[in-house]
Structures are given as structure tokens and as C-alpha cells.
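Heads up: the structure comes next, in C-alpha cells.
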Amino acid sequence: MSAPASHRLAVIAGDGIGPEVVQEALKVLDAVEQVYRPGIVVERLPYGADHYLATGVTLPPDEMRRLGSDVDAILVGALGDPRVPGNEHARDILLGMRFQLDLYVNERPARLFDERLTPLKGKTTRDIDLVVFRENTEGLYVSVGGTFKQGTPDEIAIAEELNTRKGVERIVRHAFEWARANGKTRVTMADKANAIAAHGLWRRVFDAVGREYGDIERDTRYIDAMAMDLVRTPESFQVIVTGNLFGDIISDLASMLVGGLGMAPSANRHPGRVTMFEPVHGSAPPLAGKDVANPMAAILTLSMLLETIGAREAAAAVDGAVRAAVAANVGTPDIGGTHGTRAVGDWIARRVATRE
Ligand SMILES: NC(=O)c1ccc[n+]([C@@H]2O[C@H](COP(=O)([O-])OP(=O)(O)OC[C@H]3O[C@@H](n4cnc5c(N)ncnc54)[C@H](O)[C@@H]3O)[C@@H](O)[C@H]2O)c1
């Protein structure tokens, strides 16, 4: 066998349940290395609330540059800690990576592994299999705006929503490219163009870019109607593309259709550059330290990472092991199971190691 390629993976386990779910993902990665040898070299970084509270440092600029140029992938657990009420460390680290590394694609799949996991009556695993592509660097998250006369009865708070043609075009194109590469036949774009005139840009760009993909149907919804239809007819969605805020909200809704945040992986991408992988969920402080957090979102995130570096067989094995765990009812309480975080990780790692 030839020597394995080396891929550098930086890990920021973060806060709350972040370290617990990351530990299980890395346990599964150990099993993957034994069997498939993708050659992933893990480097653990200390950033998070503890580090910030002890040193005042969130993520140093030199480190951000190094992450952008010297590593192949980043895995983040979750960031957010009640001891940092303003969440400034999380904003610096997470939004910092998305914005400064220009990771403009937030890919959030929602696939139903077992009918038992969906709250929707009568929907099957065939009905719920979609991906949300959320624009990740613009929209309402750019911190343009501010407050005036704060704390007085005349207080004004303004947040500007930024939409650039370049920014909209690259995420829309990515969604169509992904659809084509993955055999999908429809892309749905969500906006609020009926009430927010600036969203006309999304409609025009979606139409213009979509015309280049004649084999793929173009579908548009207002975001409120999409929220309704995701519950009513989830089978009508294959690929969704939308802005930063709508994508944030709609992907949480989509995760609930497949078992909740504990089942929702994601990737933050800029093709050709470093990719940052993270479960969609936050740090869930009330669950931390209790061995109850669902590690499947983090483990499915590992599967996305393996796929991205070209370790397809390993990615499929990890994905299959999570499906098998769900089928065997080896899960945490959030998906109706009785197992702990570590026991679920052990089971999935063993399944991968034994190539079942
Ligand atoms: N990407 C991130 O790091 C990220 C994302 C969202 C929120 N946050 C931060 O996390 C903190 C908590 O935020 P929140 O409570 O709004 O969102 P959260 O995702 O932490 O929790 C929301 C709900 O989902 C449940 N949940 C989440 N992950 C789970 C898992 N793996 N297993 C079982 N149940 C799970 C929680 O118990 C809770 O009921 C805040 O500081 C917030 O800013 C961080």
C-alpha cells in the first residue's frame, strides 16, 4: 500500500457540549485511520471561552492567517458560554473564520435516517432529503449599523442587510453546481422580495445563473411560504439556496424534520480553500458534562470532512455506521434513545473499525 497522504486538521473543540461531541468524532476518526488510512493529522487548538477568560485572547490574527494557509480543514465543536454574556469570543472565532477566510458557502444537509425521527406524520426517509446552501458572508450578519440614544425611550437600533451581486451569484452558482454533481433536478431559492425590494437582486441573479443549468428546474419561494411548505411538503425540496439569516433559520427548521439539532452536520466552504466543519448545533450549556449530548451531528460532520478530502469510502462507512446506530436504536435521549454520548461514539467507532 502506498504511504497515506497527509491532511492537516485543526480542531477547536470549544465550549459546553463541543468538547464532548468532538471527542466522539475523533474517536470515530481513529477507527477510520485504522481501516482506511486517509492520513489525517490532528492538531488541537485551545480557543474557546476558557481560553478567552484566562487570557483575553479569542483567536489571534496570526493564527487566523495560519488556518487560512497552512491547514486543510478545521473542525469546530460549538462556541458559546454563559460566562461570556456578550459571546464576543464566539463571534470572533466563528464569524471571524467565516468572514476572514471568506467561507461563503454554508452547506447544511437534512436527511431523514428513520421515520421514527421525524415529527411529520406519514413522511418517509424518501420524503426528507435536502440540502440548505446558506450565504455565509453577507446579509444581516455584517455588523453594519449601530444604536443611537441607547438606553433612552428614543433608542434607535439599525442593522443593514448587505447583498452584493458577486456574493449572491457565487452562492447561487454553487447550489446549481452541487445539484448537477449530485444528480438533483430542482433548486429552490428563498427570499422576501415581495416586502424587501433589495431581494429583487436574488430573483434576478437566480434567474440569470439558473438559465445556464437547463437540466435543473428553478423554483422560488418567499421565505415564509417556504417555512410552511417545509413542514407541509418536505418532499418538494432537494436543494435550497438563500441568504444568511433565512438560511440560519430554515436550516434549524429542516434539522427538526430529521431528528433535531443533534442530527445536523454542516460545512463552511470556499472551494479551493480550507473548509471549516461544525455540527449545526450550539454549545447547549444545560447538557454539558452530563454525557447526554448527541454526537451524531459531529460524527456526520466528520463524514462530510472525509468526503471533502476525497476519502469517499471512509465517508460512506461513517455515514452508514450512524444510520446503523439509528436503526439499532443506539442513540441519546434527544432521539428517543437511552445511550450516553460516549456509548454512542463507541458503538459507531466499533462499527467503522470492524467494517460491518
Ligand atoms: N455554531 C455554534 O457554535 C453555535 C450555534 C448556535 C448557538 N451557539 C451558541 O450556543 C449557546 C447555546 O445556544 P442555544 O441554546 O440557542 O442553541 P443550542 O444548539 O446549543 O441548543 C438548542 C437546543 O437543542 C438542543 N441540542 C443542541 N445540540 C444538541 C445535541 N448535540 N444533542 C442533544 N440536544 C442538543 C439543546 O439541548 C437545546 O434544547 C449560545 O451561547 C449560542 O450563542 C453556537
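Computed from a predicted model, the values in this text were never measured in an experiment. In each ligand, atom 1 is the first atom listed, and ligand 1 is the first ligand listed. FYI, the numbering just counts along the sequence from 1. FYI, side chains are in, hydrogens and waters are out, and symmetry mates aren't considered; it's all heavy atoms of this structure.
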Inset, instruction - Check whether any side-chain heavy atom of Pro109 sits under 4.5 Å from a side-chain heavy atom of Met304, and report yes or no. - result: yes
Legend entry - Donor + acceptor pair across side chains of His174, Glu107 (<3.5 Å): no
Inset, instruction - Over 60° means perpendicular and under 30° means parallel, so classify the ring planes of His89 and Tyr52, tilted if in between. - result: parallel
Legend entry - Within-cutoff protein neighbour (heavy atom, under 4.0 Å) for atom 24 (O) of ligand 1: yes
Legend entry - Ile17 contact mode with ligand 1 (heavy-atom cut-off under 4.0 Å): side chain
Legend entry - Per-atom contact, atom 34 (N) of ligand 1, protein heavy atoms, under 4.0 angstrom: yes
Legend entry - Interfacing atoms of ligand 1 (cut-off 4.0 Å, heavy-atom, Leu94): 1 (N), 2 (C), 3 (O)
Legend entry - Test applied, side-chain hydrogen bond (donor to acceptor under 3.5 Å, both in side chains); reference residue, Arg111; option that passes from Thr125, Asp129, Asp319: Asp319
Legend entry - Closest protein heavy atom (residue, atom, distance) for atom 4 (C) of ligand 1: Gly282 CA, 3.4 Å
Inset, instruction - For the residue pair His281 and Asn294, establish whether any side-chain heavy-atom pair is separated by less than 4.5 Å. - result: no
Legend entry - Distance from atom 27 (C) of ligand 1 to nearest protein heavy atom, with residue and atom: His281 CB, 3.6 Å
Inset, instruction - Return yes if a side-chain donor-acceptor contact under 3.5 Å exists between Thr137 and Glu135, otherwise no. - result: yes
Inset, instruction - Give a yes or no on whether atom 38 (C) of ligand 1 lies under 4.0 Å from any heavy atom of the protein. - result: no
Legend entry - Interatomic spacing from OG1 in Thr301 to CZ in Phe277 - rounded to 0.5 Å: 9.0 Å
Legend entry - Atoms in ligand 1 flagged as close to Ala78, the criterion being non-hydrogen separation under 4.0 Å: 3 (O)
Inset, instruction - Say whether Leu287, considering both its backbone and side-chain N or O atoms, lies within less than 3.5 Å of an N or O atom on ligand 1. - result: no
Inset, instruction - Any atoms of ligand 1 less than 4.0 Å from a non-hydrogen atom of Glu278? List them with their elements. - result: 1 (N)
Inset, instruction - Could you check if a side-chain atom of Phe113 sits within less than 4.5 angstrom of a side-chain atom of Leu300, using non-hydrogen atoms only? - result: yes
Inset, instruction - Supply the atom-to-atom distance Leu130 CG to Thr188 OG1, rounded to the nearest 0.5 angstrom. - result: 9.5 Å
Legend entry - Ring centre gap for Phe176 and Phe206 strictly below 6.0 Å: yes
Legend entry - Structural part of Val76 in contact with ligand 1, heavy atom criterion under 4.0 angstrom: neither
Legend entry - Closest approach of any protein heavy atom to atom 10 (O) of ligand 1, naming residue and atom: Ser283 N, 3.0 Å
Legend entry - atom 6 (C) of ligand 1: any protein heavy atom closer than 4.0 Å: yes
Legend entry - Closest approach of any protein heavy atom to atom 22 (C) of ligand 1, naming residue and atom: Leu261 CD1, 3.9 Å
Inset, instruction - Please verify whether a non-hydrogen atom of Ala297 lies at under 4.0 Å from ligand 1. - result: no
Legend entry - Basic-acidic side-chain contact under 4.0 Å: Asp70, Arg8: no
Legend entry - Heavy-atom side-chain proximity of Glu160 to Val142 below 4.5 angstrom: no
Inset, instruction - Name the closest protein heavy atom to atom 3 (O) of ligand 1, giving the residue it belongs to and the distance to 0.1 Å. - result: Leu79 N, 2.9 Å
Legend entry - Val280, portion touching ligand 1 at heavy-atom distance under 4.0 Å: backbone
Legend entry - Pairwise side-chain contact, Val42 with Leu9, heavy-atom cut-off 4.5 Å (strictly under): yes
Inset, instruction - To the nearest 0.5 angstrom, please state how far the CD atom of Glu235 sits from the CG atom of Leu230. - result: 10.5 Å
Legend entry - Atom indices of ligand 1, in the order listed, that fall short of 4.0 Å to a heavy atom of Pro285: 12 (C)
Inset, instruction - Pull out every atom of ligand 1 sitting under 4.0 Å from any heavy atom of Gly80, numbered as shown with elements. - result: 41 (O)
Legend entry - Element-labelled atoms of ligand 1 that are located less than 4.0 Å from some non-hydrogen atom of Ala293: 32 (N)
Legend entry - From the candidates Val84, Asn87, Leu95, Val21, the one that places a heavy atom nearest atom 40 (C) of ligand 1: Asn87
Inset, instruction - Using a 4.0 Å heavy-atom threshold (strictly under), name the region of Ala90 that reaches ligand 1: side chain, backbone, both or neither. - result: neither
Inset, instruction - Within a distance under 4.0 Å of any heavy atom of Ala284, pick out the atoms of ligand 1 and give their elements. - result: 12 (C), 20 (O), 36 (C)
Inset, instruction - Find out whether Val187 and Phe133 are in side-chain contact, i.e. whether some heavy atom of one side chain is under 4.5 Å from a heavy atom of the other. - result: no
Inset, instruction - Determine, counting only non-hydrogen atoms of the protein, whether one lies under 4.0 angstrom from atom 15 (O) of ligand 1. - result: no
Legend entry - For ligand 1, the portion of Asn294 having any non-hydrogen atom under 4.0 Å away: both
Inset, instruction - Report yes or no: does a heavy atom of Gly77 sit under 4.0 Å from some atom of ligand 1? - result: no
